Amino acid sequence: KAGVTQTPRYLIKTRGQQVTLSCSPISGHRSVSWYQQTPGQGLQFLFEYFSETQRNKGNFPGRFSGRQFSNSRSEMNVSTLELGDSALYLCASSSQGPVLNTQYFGPGTRLTVL
Amino acid sequence: QKEVEQNSGPLSVPEGAIASLNCTYSDRGSQSFFWYRQYSGKSPELIMFIYSNGDKEDGRFTAQLNKASQYVSLLIRDSQPSDSATYLCAVNIGTTNFGNEKLTFGTGTRLTIIP
């Protein structure tokens, strides 16, 4: 079974721009969670989608948004990029959710904001 | 107070010894607890989960949970150099209602096993 894939793997943007990251979950998984990982703050939960609905949300500003499609693929969008948005963005998929089932992480997208 | 706290380390343990990793959490109502391992440059992977007070063993790994003290730990017996990684504690903070699938992670403890 193919693992979780994320595209692109690396991205360089400038302040004020917007960015869209993509995540393809493991086949059959309906839950996709997004995380931001930075050296100072660690792994922080952004949001979780299940069957095209945002079911859970972390404490991030509204500039961070996401969606999930009917095939469970998910995208997250960050608008009006700030320097502090530079981070590794990880998505993870699970069958029903990361508490109910094991979640598997993708390789991440490294975003650098200049 | 952070919702999930871990000692950032680094924690150095001789090969063959027991490595003990600790985690405390703030929400007394939390019910589900997870340990993830993250090798340098790699993504986290789940190694243990525990829901009930007491010990849960899986091979060389033992998770321990004490809800009264709001404390969860991970013991690694017979530590191997391949166990060198950052260990992340994650807690399902909040209500236990169906659909609460949010995990709050600690900042991780970096473990180094010395040959």
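Naming: A, B, ... by sequence-line order, numbering from 1 per chain. Predicted, not measured: the structure shown is a model, and the values here were computed from it.
Here CZ of B:Phe105 is found 4.5 Å from OH of A:Tyr35. Values are rounded to the nearest 0.5 Å. Rounded to the nearest 0.5 angstrom, A:Asn56 CG and B:Leu103 CG are separated by 9.5 Å.
Other residues, nucleotides and ligands contribute at most 12 non-hydrogen atoms within 6.0 Å of the OH atom of A:Tyr104. Within 6.0 Å of the CZ atom in A:Phe69, the count of heavy atoms belonging to other residues, nucleotides or ligands exceeds 12. The environment of A:Asn71 atom CG is dense: over 12 non-hydrogen atoms of other residues, nucleotides or ligands sit within 6.0 angstrom. For A:Arg9, the CZ atom sits in a packed shell: over 12 heavy atoms of surrounding residues, nucleotides or ligands are nearer than 6.0 Å. By the neighbour-count criterion of 12 heavy atoms within 6.0 Å, atom CZ of A:Arg73 is densely surrounded, having more than that number from other residues, nucleotides or ligands.
The contact list for residues 38-62 of chain B toward chain A, using heavy atoms and a distance under 4.5 Å, reads B:Gln38, B:Ser43, B:Pro44, B:Leu46, B:Tyr51 by residue number.
Contacts of B:Leu88 with chain A are made by side-chain atoms alone, with heavy-atom separations under 4.5 Å and no backbone atom involved. No part of A:Gln44 comes within reach of chain B, as not one of its non-hydrogen atoms sits under 4.5 angstrom from that chain. Neither the backbone nor the side chain of B:Thr104 has a heavy atom closer than 4.5 Å to any heavy atom of chain A.
Residues A:Gln103 and B:Phe34 are not in side-chain contact: their nearest non-hydrogen atoms beyond the backbone lie 4.5 Å or more apart.
Grouping the Ile, Leu, Val, Met, Phe, Trp and Tyr side chains by contacts below 4.5 angstrom, directly or via other members, places A:Val4 apart from A:Met76. B:Leu11 and B:Ile113 fall within the same hydrophobic cluster, where Ile, Leu, Val, Met, Phe, Trp and Tyr residues are linked whenever their side-chain heavy atoms come under 4.5 Å apart, directly or through other members. Placement of A:Leu111 and A:Phe47 within a single hydrophobic cluster is found when ILVMFWY residues are connected by side-chain heavy-atom separations under 4.5 Å, directly or transitively. Following chains of ILVMFWY side-chain contacts shorter than 4.5 Å, one cannot reach A:Val32 starting from A:Leu100, and the two form parts of different hydrophobic clusters.
In this structure, the side chain of B:Glu101 engages the main chain of A:Val99 through a donor-acceptor pair within 3.5 Å.
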